[in-house]
Enquirer: 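Can you read through this structure? Questions will come right after.
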Amino acid sequence: MSAPRVRFAPSPTGYLHVGNARTALFNWLFARNQGGVFVLRIEDTDEERSQSSLVEAIIGGLSWLGMDADEGPYYQSARTDRYAEVVEQLWSAGHLYACDCTREEVLARTRDNPIPGYDGHCRDRALERGPTTALRFRTPETGTTVVHDIIRGDVEFPHSAMEDFVCVKSSGQPLFVLANAVDDRDSAISHVIRGDDLLPTTPKGILLWEALDGADPVRLPAFAHLPQVVNEQRKKLSKRRDQVAVEYYRDKGFLAEAFRNYLALLGWSPPGGREKVDLQTMIDEFRLEDIHHASAFFDVKKLTHLNGEYIRDLSTAAFVEAAGPWVSPDRVTAGWAPPTGAPPWPAERFDEQVFASVAPSVQGRVSLLSEVPAMVDFLFLAEPVIDEGAWTTRVFGDPLARRILEAVTRAYEDSEWHRETIQAVTRAAVESVGTNLSKGQAPIRIAVTGRSVGPPLFEPLELLGRAEVLERLQRALAKLDAG
RNA sequence: GGCCCCAUCGUCUAGUGGCCAAGGACACCACCCUCUCAAGGUGGAGACACGGGUUCGAAUCCCGUUGGGGCUGCCA
């Protein structure tokens, strides 16, 4: 048996969304596992809704996730001649008939029918083809089409419940089912792996496929219909209600590796109870047969946790590199910058050395790269941005705060300026006013960093320098005086 | 309404007739660690939708019910 050929065939009517990305990933993993070929096809037969700029977004999303196509992209819009040829073939073989019914007319006629859908009104009218006639497929009246699905087994569709569906618009453009079948035939696709929302249209595609066969049959691909990725309401992901663009997650500071790993977990699980697995393991272990049947909720919390694990696994150098676009305008790579814009400090105040030295303690505290700037901004801002809520409760509202700030100010003036000694003198100072380091560090932290939470305090203090720290303490004292 | 798919902790899942008084992960709670916050460690709570079969034995097989979802477009 020759190498499998699979395809990812998005329609460029929106950005790459997470459900499609998962479909692409499963196709890609299957191809890699089998030594097969991953084809990208752009299904842009609907000119009204397709936009070429979105094609770039889709390719960009795939590329971010490391899934570059082995072949393509092929554009259906470039194959109109081929489709026209196929339509002629089908028409002359009698599989198609012209229909001039409008949707309103069909609806009016079939409103009370027990079986919904088109009623076959034009089936025997022998209408000529014209600019106002769509072409419908003459579905057999009896019999059954069975879809052999790798994931779900055999699924039967009785023809009696299938309408004569339109496969060519009155404009002459083919509809999805037809273009899809023609392309899968022409590019020798061996496995069709797609969302199970397409399962009900699969028998139509098979009927078309068989009609196209004529005297020269082409082997039907194997099908694998993936469970849907759904939102919290268990509904198909919607562009309106849900955060569905892969781009959004990249912009939020998710690592491609973590995102890809999470996507793989939606409907598939690596053997051995592991969840966090590297790419090669995914490729080696991936089996279509192991995919779940039930739909899966896209859980951002779990994704975020996984991302945190991936961030913590990075070497410090790799973390500094990954955080680059978020902390330094100079580090924007591959033509992409976080949409949040420039970091909140002026470029000239950013110090790569300083960032690199606090990076390890930041790395363990963030789940998203976008959280990095807030962790280190006090190091690069001329003045820290004071969190007023924290100030009110932990400084203004703490009767000991003034004495703590005064005590450390005195202690810092002539202390050796090294993180351990700073910690030691700070401990001594806060204990001298009757509290402990755990409670006493709060006013200091807020005075210097502006926040009540953040990385361990004493290394940043060292990095900031004695003069700057004393100045910030003075400003805090003055703010306290001002009430 | 018709056709189709699906059904294990709140969520993602392990499980393919005995190893399951159902395991892991996220989230949640408690404790430990600790300069804050995280991370980490330990522990806790938490599920086989329901009803019938089949079988010595069922989360696993069959039927039904209920519930959820998809499709039902001259969208894909």
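Proteins come first, then strands; the chains are lettered A, B, ... in the order of their sequence lines, and each starts at number 1.
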Enquirer: Give each protein N/O atom lying under 3.5 Å from an N/O atom of nucleotides 61-63 of chain B, with the pair distance.
Expert:
none

Enquirer: Roughly, in whole Å, what's the span from CG in D299(A) to P in C12(B)?
Expert: 8 Å
Enquirer: Taking atom C1' in both G53(B) and A58(B), what distance in whole Å separates the two?
Expert: 12 Å
Enquirer: Produce the list of close N/O pairs, under 3.5 Å, pairing protein atoms with atoms of nucleotides 21-25 of chain B; give distances to one decimal.
Expert:
| from | atom 1 | to | atom 2 | distance (Å) |
| --- | --- | --- | --- | --- |
| G24(B) | N2 | E275(A) | OE2 | 2.9 |
| A25(B) | O2' | E275(A) | OE1 | 2.8 |
| A25(B) | N3 | K302(A) | NZ | 3.0 |

Enquirer: Report the residues that fulfil side-chain hydrogen bond (donor to acceptor under 3.5 Å, both in side chains) with R138(A), sequence neighbours left out, ordered by chain and then residue number.
Expert: none
Enquirer: Nearest to the side chain of R312(A), heavy atoms from C-beta on, is which of A7(B), U11(B), G40(B)?
Expert: G40(B)
Enquirer: Over how many whole Å does the gap from F297(A) atom CZ to C6(B) atom C1' extend?
Expert: 18 Å
Enquirer: When you get a sec, tell me which of C26(B), U36(B), C4(B) is the closest nucleotide to the side chain of L199(A)?
Expert: C4(B)
Enquirer: I'd like to know if K252(A) pairs up with E371(A) as an ion pair, taking the criterion as any Lys NZ or Arg NE/NH1/NH2 lying under 4.0 Å from an Asp or Glu carboxylate oxygen.
Expert: no
Enquirer: My understanding is that only residues two or more places apart in sequence, or in another chain, count here; which of them pass side chain to side chain contact (heavy atoms under 4.5 Å, CB included) with V354(A)?
Expert: D351(A), L379(A), F380(A), L463(A)
Enquirer: Would you classify G440(A) as touching base, sugar-phosphate or nothing, given that sugar-phosphate means primed atoms plus P, OP1 and OP2, and contacts are heavy atoms under 4.0 Å?
Expert: nothing
Enquirer: Rounding to the closest angstrom, what is the interatomic distance between U36(B) and A27(B) at atom C1'?
Expert: 24 Å
Enquirer: Not counting sequence neighbours, which residues clear side chain to side chain contact (heavy atoms under 4.5 Å, CB included) with D284(A)? List them please.
Expert: Q280(A)
Enquirer: State which residues pass side-chain hydrogen bond (donor to acceptor under 3.5 Å, both in side chains) with E468(A); sequence neighbours excluded, sorted by chain then number.
Expert: R472(A)
Enquirer: Return the orientation label for the F137(A) and F165(A) ring planes: parallel under 30°, perpendicular over 60°, tilted otherwise.
Expert: parallel
Enquirer: Check the distance between A39(B)'s P and D313(A)'s CG and give it to me in whole angstrom.
Expert: 15 Å
Enquirer: Select from R365(A) and Y262(A) the residue whose nearest nucleotide in RNA chain B is closer to the 5' end of that strand.
Expert: Y262(A)
Enquirer: Is any side-chain N of the basic residue among E275(A) and K302(A) closer than 4.0 Å to the acidic one's carboxylate O?
Expert: yes
Enquirer: For R274(A), answer base if it contacts any base atom (sugar-phosphate contacts may also be present), sugar-phosphate if it contacts only those atoms, and nothing otherwise; contact means non-hydrogen atoms under 4.0 Å.
Expert: nothing
Enquirer: Who passes side-chain hydrogen bond (donor to acceptor under 3.5 Å, both in side chains) against H293(A), sequence neighbours left out?
Expert: none
Enquirer: Can you tell me how far P of A39(B) sits from CG of N307(A), to the nearest Å?
Expert: 14 Å
Enquirer: Across the strands shown, which category fits A296(A) at heavy-atom distances under 4.0 angstrom: base, sugar-phosphate, nothing?
Expert: sugar-phosphate
Enquirer: Closest-nucleotide mapping onto RNA chain B: is L265(A) or L437(A) further toward the 5' terminus? I mean the 5' end.
Expert: L265(A)
Enquirer: In whole Å, what separates the C1' atom of A45(B) from that of C9(B)?
Expert: 10 Å
Enquirer: Taking only the P atom of each, what is the distance from U60(B) to U8(B) in whole angstrom?
Expert: 12 Å
Enquirer: After noting the C-alpha distance and the side-chain angles of E416(A) and H418(A), does the key distance pass the side-chain hydrogen bond (donor to acceptor under 3.5 Å, both in side chains) rule?
Expert: CA-CA 6 Å; E416(A) 197 188 318; H418(A) 182 267; 5.7 Å; no
Enquirer: Does the structure show a Watson-Crick or G-U wobble partner for G10(B), both distances under 3.5 Å? Name it, or say none.
Expert: C26(B)
Enquirer: Would you mind classifying the nucleic acid contact of R152(A) as base, sugar-phosphate or nothing, using non-hydrogen atoms under 4.0 angstrom?
Expert: sugar-phosphate
Enquirer: Take atom C1' in U65(B) and the same atom in A25(B), then report the distance between them in whole Å.
Expert: 33 Å
Enquirer: Centre-to-centre under 6.0 Å for F286(A) and W268(A), is that the case here?
Expert: yes
Enquirer: List the protein contact pattern of nucleotides 69-76 of chain B with one symbol per nucleotide (5' to 3'): B for base contact, S for sugar-phosphate-only contact, - for none; contact means a heavy-atom distance under 4.0 Å.
Expert: SBSSSBBB
Enquirer: Starting at CZ of R445(A) and ending at P of U34(B), how long is that distance when rounded to a whole Å?
Expert: 16 Å
Enquirer: Rounding to the closest angstrom, what is the interatomic distance between C6(B) and G64(B) at atom P?
Expert: 14 Å
Enquirer: Is the W417(A) to Y412(A) ring centre distance short of 6.0 Å?
Expert: yes
Enquirer: Is there a donor-acceptor contact under 3.5 Å linking the side chains of E431(A) and N436(A)?
Expert: no
Enquirer: Does G40(B) have a Watson-Crick or wobble mate here (both distances under 3.5 Å), and if so which one?
Expert: C32(B)
Enquirer: Side chains of residues 195-208 of chain A: which donor-acceptor partners sit under 3.5 Å, not counting sequence neighbours?
Expert:
| from | atom 1 | to | atom 2 | distance (Å) |
| --- | --- | --- | --- | --- |
| D196(A) | OD1 | Q228(A) | NE2 | 3.4 |
| D196(A) | OD2 | R152(A) | NH2 | 3.2 |
| D197(A) | OD1 | Q228(A) | NE2 | 3.2 |
| D197(A) | OD2 | K236(A) | NZ | 3.4 |
| T201(A) | OG1 | L198(A) | O | 3.1 |
| T202(A) | OG1 | R194(A) | NH1 | 3.0 |
| T202(A) | OG1 | L198(A) | O | 3.0 |
| T202(A) | OG1 | L199(A) | O | 3.4 |
| T202(A) | OG1 | H225(A) | NE2 | 3.1 |

Enquirer: What distance, rounded to whole Å, do you find between the two C1' atoms, one in G10(B) and one in G68(B)?
Expert: 16 Å
Enquirer: Only pairs with both distances under 3.5 Å count, Watson-Crick or wobble alike; so what is the partner of C50(B) in this structure?
Expert: G64(B)
Enquirer: Below 4.0 angstrom, which residues in residues 153-161 of chain A have at least one non-hydrogen atom near RNA chain B?
Expert: V155(A), E156(A), F157(A), A161(A)
Enquirer: If you look only at distance, which donor and acceptor atoms sit under 3.5 Å apart when one is on a side chain in residues 401-411 of chain A and the other is two or more places apart or in another chain?
Expert:
| from | atom 1 | to | atom 2 | distance (Å) |
| --- | --- | --- | --- | --- |
| R402(A) | NH1 | D481(A) | OD1 | 3.1 |
| R402(A) | NH2 | D481(A) | OD1 | 2.8 |
| T409(A) | OG1 | L405(A) | O | 2.6 |

Enquirer: Does R7(A) come within less than 4.0 Å of D183(A), counting only side-chain N to carboxylate O?
Expert: no
Enquirer: Test of understanding: with side-chain hydrogen bond (donor to acceptor under 3.5 Å, both in side chains), list the residues that count as partners of N261(A), not counting sequence neighbours.
Expert: Y310(A)
Enquirer: For C75(B) versus U16(B), give the span between their P atoms, rounded off to a whole number of Å.
Expert: 47 Å
Enquirer: Report the distance from atom CD1 of I311(A) to atom C1' of A38(B), rounded to the nearest whole Å.
Expert: 12 Å
